[in-house]
Amino acid sequence: MAYWLLKTEPDEYSIDDLRNEPSGHARWDGIRNYQARNLLRDEVSRGDEVLIYHSQCKPVGVVGCGEVTREAYPDPAQFDPENHYFDPKASPESPRWFCVDIRFKAAFPRTVQLAEIKREPSLADMVLLRQGRLSVQPVREAEWQHILAMAARSQ
DNA sequence: GCCAACGTTGGC
DNA sequence: GCCAACGTTGGC
C-alpha cells in the first residue's frame, strides 16, 4: 500500500466534484507529463491512498483524500479528436497516456495550506516542495500521517 | 500579471 | 546529442 498526492485545479475538478460523483468514483485523467505518467502506469496500485491537492486557487493546499479503485488503463481522451487531451501520436495499439480511477474518502475540515507545509521542518523533503510541478507524486507514510494530523487540528 | 522552474520541440 | 527557443505549470 502506497500513498500519493494528486493535483487538480478546483475550477476544473474539485474535491467536491469528486465527493458528488454519482457513481462514487472518478477517472483521474488528462495527465500529460511523462514522469507523472510513469508513476501512474507503473507504481500506483489499487487500494493506494491519495491526497487531493488544489492548485491555482486561494489558498492552495491539501483538501482531502481518496483511494485508488482501478489501476492504470489507457486514457480514452487521447484517442478522441474532439477532446482537449487528444494526442494524434497515440493509438489504441500503442497508447501513450494512462489514467486511474479513484473514489472519494474524505474532505478535510480545513485546507492544509502549502504555506503551512513549507513551515514544517519534517515535511521539507516532500516532493511537493522539491519538485513543485509534478502532478502525481509519491508521499511517504510519515508525511501522510503528518498531513492528516495537521488537517485535524485548527491552524 | 510576473517570474522561476521545468518540459518539449526542432534545427543543426 | 546539443542547445536555443518556446510553451506550460503553478506560486505569489
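In what follows, chains carry the letters A, B, and so on, assigned in the order in which the sequence lines appear, proteins first and then strands, with residues in each chain numbered from 1.
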J.: What is the distance, rounded to the nearest whole Å, between atom NE2 of A:H54 and atom P of C:dT9?
T.: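 Computing the A:H54:NE2 to C:dT9:P distance gives 17 Å.
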J.: Indicate whether OP1 or OP2 belonging to C:dG10 is found under 4.0 Å from a side-chain N or O atom of A:K7.
T.: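 Yes, A:K7 has a side-chain N/O under 4.0 Å of OP1/OP2 on C:dG10.
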J.: Just say parallel, tilted or perpendicular for the rings of A:W97 and A:Y34, cut-offs at 30° and 60°.
T.: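 Tilted.
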J.: From CG of A:N33 over to P of B:dT8, roughly how many Å is that when rounded to an integer?
T.: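 After rounding, the reported distance stands at 6 Å.
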J.: Do the side-chain N or O atoms of A:Y53 get closer than 4.0 angstrom to the phosphate oxygens (OP1, OP2) of C:dT9?
T.: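 No, outside the criterion.
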J.: Nearest whole angstrom, please: distance from the P of C:dG10 to the CZ of A:R32.
T.: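 That distance rounds to 15 Å.
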J.: Should A:V100 and A:F104 be regarded as members of a common hydrophobic cluster, given that ILVMFWY residues are connected when their side-chain heavy atoms come within less than 4.5 Å of each other, either directly or indirectly?
T.: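 Both belong to a single hydrophobic cluster.
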J.: How close or far is atom P of B:dA4 from atom CD of A:Q56, stated in whole angstroms?
T.: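 So the two atoms are 17 Å apart, to the nearest Å.
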J.: What is the distance, rounded to the nearest whole Å, between atom CZ of A:R133 and atom C1' of B:dG7?
T.: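 About 6 Å, once rounded to whole Å.
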J.: Just call it for A:K118: base, sugar-phosphate, or nothing, with non-hydrogen atoms closer than 4.0 Å on any strand.
T.: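 It contacts sugar-phosphate atoms only.
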J.: Determine, stepwise, if the pair A:D80 / A:Y85 fulfils side-chain hydrogen bond (donor to acceptor under 3.5 Å, both in side chains).
T.: CA-CA 8 Å; A:D80 174 7; A:Y85 291 110; over 6 Å; no
J.: Of the nucleotides B:dG7, C:dG11, B:dT8, which one has an atom closest to the side chain of A:Q131?
T.: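 Minimum distance to the A:Q131 side chain belongs to B:dG7.
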